[in-house]
Enquirer: 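Below are the structure tokens for one structure; questions will follow.
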Number of protein chains: 2
Amino acid sequence: MEARAPKYHLVMEQIVELIAEQEPGSPMPTERDLAARFATSRTTVRQALAALAADGRIARTQGSGTFVAEPDRVYVHQMTSYSEDLRSQGRQPSSRILEVTHGRALPDVSAALGLEPGGRVHRVERLRLVDGEPLALEVAHLPGRLPRLRAELERRGSLYETLREAYGVTLARAEDVVETGLASPHEAGVLGVDTGAPMLVIRRTAHDADGRAVEYTRSVFRGDRFRFVARSAFDGAEVT
Amino acid sequence: MEARAPKYHLVMEQIVELIAEQEPGSPMPTERDLAARFATSRTTVRQALAALAADGRIARTQGSGTFVAEPDRVYVHQMTSYSEDLRSQGRQPSSRILEVTHGRALPDVSAALGLEPGGRVHRVERLRLVDGEPLALEVAHLPGRLPRLRAELERRGSLYETLREAYGVTLARAEDVVETGLASPHEAGVLGVDTGAPMLVIRRTAHDADGRAVEYTRSVFRGDRFRFVARSAFDGAEVT
DNA sequence: TCAAGAGATTGGTATAGGCCAAATCTGCTA
DNA sequence: TAGCAGATTTGGCCTATACCAATCTCTTGA
């Protein structure tokens, strides 16, 4: 039942010991040095380093080197306002609109929004930052007529505020499905992570008070930094 | 801003097209065949296949081959009983006790439970299965005196039921922190996934009505199958 | 005919090395 | 002294190959 540990995992553990007493920011030996030190190939070292990077324990910069890192965790509580939540942690949230389009919905989107296949939706792609650093890439899909959406959104910043004030759309309830994903090249590029890095994906479907689906949003958070916090009062629920 | 897509990502997309019309269970070309077909190295093909396996779209068996798979998703709602939730989805949940120990808590555990460093805790390691297939590895840490814990737990199956009925411990509220993780060799072995496969990790801290921490549990779910669902009523919360 | 063993096939892991891209350093010139 | 160009360093990506482990198929013997 006990799986044999691959060599790169052992190397990873050795690297953890190596950096245990190092201050965040301090440089580590190069990949080539680590390979010589651990008498292994550079590829094996790279696998070990990738796993540590996925956990935010090291930061790797091409051309510069690999550095010990303190995981800079961001916690977001489900029931609270994202921005207020971050501010209460002393963080500075901001966001940037990357693209706003209007076109046919892909099958998963139209299904989530209860549209007929190929129905038209507005698509808003935003980058979410904390203290100026990218944290998440969010693509919202919104059905219905939303004239001048980009301008209205740029004026207010908040998508929900925009929906409510500019279009009379008020959200009543939402369902978040949390899962893992691997960063696509596009996501990797805008978030400053590697393609294939583990990400925390949240797919939200929100409905208004009449039960109409008014939003389907897929958000991809950096797995090394983001933590989703859900609280519950007990009724015997045993999630685990 | 657009990152160059690594070759393995392109190969992955080609493989997706290749299997788009295939039935789940149907065999795919071998790694060596795919490498020849896409004029690339087997290592690059393997990277592409690993990404698809992480999403549950293919199943890889050493010595046998690689097969198209239908992601067999399991959805668990935060506010409901795990077992009842699964049964309502027509699934058959079960669990198996792997190990029950009593010893010194590691620093993260003692911190989570508000114990002094090295304080003693009971540790219960369980495998969670759905329809006979491993889904999660769960390690619960429980403070206090819990005599004959293993026997009591084996009698009842449910940890919370055991705590309540055998030890008078009733949980009042819990906080779940959801994050990504990579499967350790141990986790990989018991869950039947590869070391390093992306996992959804839920760390739960539960308190009783007096605010005492009575449980700290880390659960590691297969990222290719497990989805954590959280619902909220709106108060302007904008998680994404 | 069935079971066991041998051989073939296929995925799993690792090595050695090459080449490219990003960052940094060094040296030269204005 | 500052800026720029070139060289160097270091991480990022890929190739070719070898070997091992798990599974499947075929052959042989009882």
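Letters go in sequence order (proteins before strands), and every chain restarts at 1.
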Enquirer: Write down the distance between CZ (A/Arg46) and P (D/dT10), rounded to a whole number of angstrom.
Expert: 14 Å

Enquirer: Consider the side chain of A/Pro6, meaning its heavy atoms from C-beta on, and name the nucleotide among C/dA14, C/dT15, D/dA16 that approaches it most closely.
Expert: C/dA14

Enquirer: Does D/dT9 have its OP1 or OP2 closer than 4.0 Å to a side-chain nitrogen or oxygen of A/Ser64?
Expert: no

Enquirer: Can you tell me the distance, in whole Å, between the NZ atom of B/Lys7 and the P atom of C/dC19?
Expert: 15 Å

Enquirer: Between B/Glu31 and B/Arg60, does any side-chain N to carboxylate O distance fall below 4.0 Å?
Expert: yes

Enquirer: Within this structure, what is the CZ-to-C1' distance between B/Arg42 and D/dT17, rounded to whole angstrom?
Expert: 10 Å

Enquirer: Please tell me which of A/Thr61 and A/Arg32 maps to the more 5' nucleotide of DNA chain C, matching each residue to the nucleotide holding its nearest heavy atom.
Expert: A/Arg32

Enquirer: Phosphate oxygens OP1/OP2 of D/dT17: is one of them under 4.0 Å from a side-chain N or O of B/Ser41?
Expert: no

Enquirer: Using heavy-atom distances to pick each residue's nearest nucleotide on DNA chain C, tell me which of A/Thr44 and A/Gly63 is more 5'.
Expert: A/Thr44

Enquirer: To the nearest angstrom, how far is A/Tyr8 atom OH from C/dG12 atom P?
Expert: 12 Å

Enquirer: Does the distance from a Lys or Arg side-chain N to an Asp or Glu carboxylate O, for B/Asp33 and B/Arg42, drop under 4.0 Å?
Expert: no

Enquirer: Looking just at side-chain N and O atoms, do A/Glu125 and A/His186 make a donor-acceptor pair shorter than 3.5 Å?
Expert: yes

Enquirer: Please report, rounded to the nearest Å, how far the P atom of C/dT13 is from the CE atom of A/Met12.
Expert: 14 Å

Enquirer: What is the separation between atom CG on A/Leu34 and atom C1' on D/dG11, rounded to the nearest whole Å?
Expert: 12 Å

Enquirer: Please work out whether the ring planes of A/His102 and A/His122 are parallel, tilted or perpendicular, with thresholds of 30° and 60°.
Expert: parallel

Enquirer: B/Asp194 CG to C/dA14 P: how many Å, rounded?
Expert: 12 Å

Enquirer: Looking at A/Arg204 and A/Glu215, is any side-chain nitrogen of the basic one under 4.0 Å from a carboxylate oxygen of the acidic one?
Expert: no

Enquirer: Is A/Thr30 touching bases, backbone alone, or none of the nucleic acid, heavy atoms closer than 4.0 Å?
Expert: sugar-phosphate

Enquirer: CD1 of B/Ile58 versus P of C/dT10: gap in Å, rounded?
Expert: 16 Å

Enquirer: C/dT10 phosphate, OP1 or OP2: any side-chain N/O from B/Arg60 under 4.0 angstrom?
Expert: no

Enquirer: Is there a donor on the side chain of A/Gln62 or the base of C/dA23 sitting less than 3.5 Å from an acceptor on the other?
Expert: no

